[in-house]
S.K.: 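Submitted below is the structure of interest, expressed as structure tokens.
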Number of protein chains: 2
Amino acid sequence: MKKGERRKSELTEKMVKYILANGIQSASLRNLAKAAGTSDRMLLHYFTDKEELLTVVLSTISKQLILMLDHTEIEQKTFSHMVRYLYQMMKDPEIKPYMKLWLELIAIASKKEDPYYRIAREIGNHFYGFYKETLKVEEGEEQEKMAALALVMVEGVALLESLDFDEHILSAIEGLEGVRR
Amino acid sequence: MKKGERRKSELTEKMVKYILANGIQSASLRNLAKAAGTSDRMLLHYFTDKEELLTVVLSTISKQLILMLDHTEIEQKTFSHMVRYLYQMMKDPEIKPYMKLWLELIAIASKKEDPYYRIAREIGNHFYGFYKETLKVEEGEEQEKMAALALVMVEGVALLESLDFDEHILSAIEGLEGVRR
DNA sequence: ACAAAAGTGTAGCGAGTGCTACATTATAAT
DNA sequence: ATTATAATGTAGCACTCGCTACACTTTTGT
């Protein structure tokens with residue numbers, strides 16, 4: 001890797017941390033530059049404009065999140081175990097910033113503007129793929145449908161967790177288990 | 001009602017429409033003023049500052065959404081009928097702006113700052129209350145738990161619908177019905 | 001009728017935004 | 001060693017933001 005590219009990814013790495021901690025909203029060039037220990041002038045030297053910069057940074061974050069999922073070497077889980085497990089996982093202080101950013105990305109992406117829309121769908125599809133691989137289906141269940149159901153449930157859990165609706169989440173999981181008894 | 005208050009709610013009404021159409025993100029005082037047919041100067045005459053203005057406007061929108069829910073004079077629905085029904089409902093062009101705004105509000109509220117956090121929780125609680133009243137439980141189901149489950153599912157559906165994941169949503173609903181057969 | 005209060009226009013401040021022009025220095029390629 | 005390329009600093013532009021100061025008119029209350 002050339003020296004310039006190395007510097008570029010150094011900067012990217014620090015900006016990733018800043019955006020995870022502070023959100024896209026407060027990611028001005030000057031804020032990002034301060035966090036990366038450089039100047040806005042230099043950011044625009046390495047990136048053509050802010051859009052390309054955010055594309056790179058958000059893609060990096062998305063890759064990290066996907067890697068974390070793939071490296072979650074958990075044994076196959078049944079449906080409700082999976083929901084419980086991911087609910088606990090998203091309360092982890094290391095994971096939480098990713099979930100907050102995920103929600104922010106959804107809100108922005110709902111205007112269908114790239115790169116946000118594209119990246120959000122990419123992440124969503126990886127979530128689905130993860131469920132399809134990791135879900136242990138029981139008799140009478142179909143893999144794809146249960147994976148889709150897990151996707152819906154976990155997204156709902158993530159949304160409600162951000163509003164501290166933990167009691168409702170737990171109650172919902174119990175309701176789910178009651179139904180499939 | 002005094003004349004001033006009447007004018008204030010006229011302005012509020014127009015700003016409600018603007019924010020439903022364009023989101024909180026682009027709701028600057030100047031944009032809002034233009035949409036309401038007045039000047040930013042006058043907005044700050046009727047409202048003490050932008051925060052109070054947004055509190056009033058967002059509360060109004062929240063009340064509208066809640067009223068729409070309450071006036072949905074539907075017969076009691078079983079769980080999966082409810083999910084299907086609300087999924088169709090949120091594709092209605094009249095409802096969709098509310099859902100987009102709901103997602104935007106969630107993203108902002110996740111920083112726990114008032115008035116956003118407070119309003120978002122208020123709306124969430126009304127959703128839950130709606131399910132608790134409208135869900136027809138079947139034997140072996142508990143009202144509260146099924147309402148919570150509906151809450152989680154519908155929020156998940158709303159999130160994924162904004163990313164156009166309609167196939168996964170439908171597949172999830174089928175999976176759900178398969179499970180409770 | 002007169003005073004108090006509410007309504008409205010114009011103009012601008014100070015801060016933040018993405019981005020650029022102009023300059024200089026450091027590094028790399030030949 | 002010379003030249004081309006990359007890296008960095010300083011300054012600032014044109015714009016938007018929330019908000020305010022000052023002035024003036026209109027309405028309202030007594």
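Side chains are part of it too, since the values below use all heavy atoms of this structure and drop only hydrogens, waters and symmetry mates. This one's a predicted model, so the numbers in the text were calculated from it and none came from an experiment.
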S.K.: Can you measure from CD (B:Q25) to CD1 (B:I19) and round to the nearest 0.5 angstrom?
M.R.: 11.5 Å
S.K.: Salt bridge or not between A:E75 and A:K77? Use side-chain N to carboxylate O under 4.0 Å.
M.R.: yes
S.K.: Find out whether the Lys NZ or Arg CZ of B:K8 is both under 6.0 angstrom from the six-membered ring centre of B:F47 and within 45° of the ring's axis.
M.R.: yes
S.K.: Does the distance from a Lys or Arg side-chain N to an Asp or Glu carboxylate O, for B:R118 and B:E113, drop under 4.0 Å?
M.R.: no
S.K.: B:L32 has an atom CG; how far is it from atom P of D:dC17, in whole Å?
M.R.: 10 Å
S.K.: Does B:E52 have more than 12 heavy atoms from other residues, nucleotides or ligands lying within 6.0 Å of its CD?
M.R.: yes
S.K.: Does the side chain of B:Y87 reach to within under 4.5 Å of the side chain of B:D166, using non-hydrogen atoms?
M.R.: yes
S.K.: Starting at atom CD of B:E52, determine the distance to atom C1' of D:dC19, rounded to an integer number of angstrom.
M.R.: 15 Å
S.K.: With a 4.0 Å heavy-atom cut-off, tell me which residues in residues 12-20 of chain A come close to DNA chain C, sorted by residue number.
M.R.: none
S.K.: Could you tell me how far apart B:F47 (CZ) and D:dT20 (P) are, to the nearest whole angstrom?
M.R.: 16 Å
S.K.: Between CZ of B:F130 and CG of B:L65, what distance do you get to the nearest 0.5 Å?
M.R.: 10.5 Å
S.K.: Nearest 0.5 Å, please: how far is OG1 in A:T134 from CG in A:L86?
M.R.: 9.0 Å
S.K.: Please report the distance, rounded to the nearest Å, between CE in B:M42 and P in D:dC19.
M.R.: 16 Å
S.K.: Side-chain N or O of A:Y46 less than 4.0 angstrom from OP1 or OP2 on D:dT8?
M.R.: yes
S.K.: In whole Å, what is the span from the CZ atom of B:R7 to the C1' atom of C:dG7?
M.R.: 10 Å
S.K.: How would nucleotides 15-25 of chain C be written as a contact map, 5' to 3', with B for base contact, S for sugar-phosphate-only contact and - for no contact, using protein heavy atoms under 4.0 Å?
M.R.: --BBBBBB---
S.K.: Write down the distance between CD (A:E5) and P (C:dA28), rounded to a whole number of angstrom.
M.R.: 14 Å
S.K.: Find the distance B:H45:NE2 to C:dT10:C1' and express it as a whole number of Å.
M.R.: 16 Å
S.K.: Determine whether more than 12 heavy atoms belonging to other residues, nucleotides or ligands lie under 6.0 Å from atom NZ of A:K112.
M.R.: yes
